[in-house]
Number of protein chains: 2
Amino acid sequence: MGRHREFDVEKALDSALCVFWRKGYEGASYADLTEATGVERPALYSAFGNKEALFRLALARYYDRYLDYLPEALLLPTARDVAAYILHNAIELNTRYPEHTGCLGINGVLAGSDEAESVRLALIDARAAGERQIRERFEQAKTDGDLPSTANPDTLAAFLMAVLHGIAVQAKAGFSREMLTAVGEQALANWPSASSSVSTQSP
Amino acid sequence: MGRHREFDVEKALDSALCVFWRKGYEGASYADLTEATGVERPALYSAFGNKEALFRLALARYYDRYLDYLPEALLLPTARDVAAYILHNAIELNTRYPEHTGCLGINGVLAGSDEAESVRLALIDARAAGERQIRERFEQAKTDGDLPSTANPDTLAAFLMAVLHGIAVQAKAGFSREMLTAVGEQALANWPSASSSVSTQSP
DNA sequence: TCGTTATCGTAATGATCATTACGGAAAAAT
DNA sequence: ATTTTTCCGTAATGATCATTACGATAACGA
């Protein structure tokens, strides 16, 4: 019983997510959040808890709703397909919305006051979880034989993630989708292949 | 005439630089800055101006004193040498100081409140200036012939910077120097070369 | 219709932020 | 020795921060 909630919690969370995406955790104030959601402060507190709890909910939603291409990618037949699919979708996501470019998961990792340390650690964990999934998929690719036995899944996963992070930074700096696509293709140009060595030795 | 300054301005700027490196522009408070420098607030203001001016001075010093490997790299004989030298030194710099990992120039680019927008733009500019130098060097490499005529200096420079940014993010996330070195080597694998095509056609 | 219960918006709370007013202290100039 | 000039540190300023107390409002059960 009691009075009903007058706002849509899901929509408010979506709006808050966009604010965090653009400004990061500490850069987003409750003034920003109330303006974006159309919900007054006490209502946000009662619905989501404090700022950190709201951010963690937004981060989880971000992985569910925007980084949904990651689990899809892992199902593709070869490691190269996986990498290409992730790169393509990440670039699309990082440039889809002009008002919040880059990656929410990266935009808050780098710097902040001591009070935000726990949030930084949460973002680092989430990043590592994604990299772990990719690494395990690449280990499978070695067993499958679409990666050469000399390939190092650890290194390849870290390399792919590095390029993804770099693309996120460049997207935030205003790079066009075309430019980022070229960067992604350059990263794939180096991709190790099992079927044919790149050595130029004649038989 | 008048009283002499009791603190070393250069040393104070160095200390402030480290605070910004670790916490970013907005994450660093004057409480942090006075503690790190050992200089009281009004003295910092009289010596450097306000917080934004202090940050800009620190940024310039960072490029001069820590990113000095960039101009050195540009003098190397081939584009691949340039890229390898930059990667190696960037990794070393990003992991040299455990208390402030990653790159000062990147740590503040990504997110922040609206008040910090001008600082963000300054960091984006500085990043772009570095990329431009590398691109021009790669254009020279095409003329020199150590990059094939099919190579795209724009893309190669952006790719190299993307990997550098990604490495900065990973350094901030706690990656070891060894892991980052492997990432850098992966980026250099199959670097475009003019002397021998990677095609496997026999003559 | 009335009492219970939950949500609403206004406005307050205390902390921290960047910035500076101000008076004492020290060094040069007269 | 006194004046002038500059710097030092204390402590204040107003703004903004996240968080919440509180009274009004609205929906339910009885």
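Note: hydrogens, waters and symmetry copies are ignored here, and every other heavy atom, side chains too, is used. All values reported here derive from a predicted model rather than from experimental measurement.
Distance CG/B:Leu74 to CZ/B:Arg137: 7.0 Å, rounded to 0.5 Å.
Going from atom CG of A:Leu33 over to atom C1' of D:dT16 covers 14 Å, rounded to whole Å. Rounded to whole Å, atom P of D:dC7 lies 13 Å from atom CZ of B:Phe48. For the pair A:Asp32 CG and D:dA18 C1', the interatomic distance rounds to 13 Å; values are reported in whole Å. Summarising the geometry, the separation between CG on A:Leu54 and C1' on D:dT19 is reported as 14 Å, rounded to the nearest angstrom. Atoms CD (B:Glu115) and P (D:dT16) sit 8 Å apart, rounded to a whole Å. Here D:dG9 presents its P atom at 12 Å from CZ of B:Arg5, a figure rounded to the nearest Å. Across the protein-nucleic acid pair, B:Asp114 atom CG and D:dT16 atom C1' stand 13 Å apart, rounded to whole Å.
No donor-acceptor pair closer than 3.5 Å links the side chain of B:Gln186 to the backbone N or O of A:Thr155. Here the side chain of A:Asp146 pairs a donor or acceptor atom with the backbone of A:Ala79 at under 3.5 angstrom. Distance alone, capped at 3.5 Å, is enough to place a donor-acceptor pair between the B:Lys51 side chain and the B:Tyr25 backbone. Using a distance-only test at 3.5 Å, with no hydrogens or angles considered, no donor-acceptor pair links the side chain of A:Lys172 to the main chain of A:Gly102. Listed for the B:Thr101 side chain is no donor-acceptor partner under 3.5 Å among the backbone atoms of B:Pro98. A donor-acceptor pair under 3.5 Å is formed between the side chain of A:Lys142 and the backbone N or O of A:Ala151.
Near DNA chain D, defined here as any heavy-atom distance below 4.0 Å, the residues from residues 24-31 of chain A are A:Ala28, A:Ser29, A:Tyr30, listed numerically.
Comparing A:Phe7 and B:Glu52 against DNA chain C, the residue whose closest nucleotide sits nearer the 5' end is A:Phe7.
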Protein-to-nucleotide contact annotation, 5' to 3' order, nucleotides 20-30 of chain D [B base; S sugar-phosphate only; - none; under 4.0 Å, heavy atom]: BB---BBBS--

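Note on ring orientation: taking the six-membered ring where Trp is involved, the planes of B:Tyr97 and B:Tyr66 are perpendicular (angle over 60°, cut-offs 30° and 60°).
Note on B:Arg22 versus B:Asp32: no salt bridge recorded, every NZ/NE/NH1/NH2 to OD/OE distance being 4.0 Å or above.
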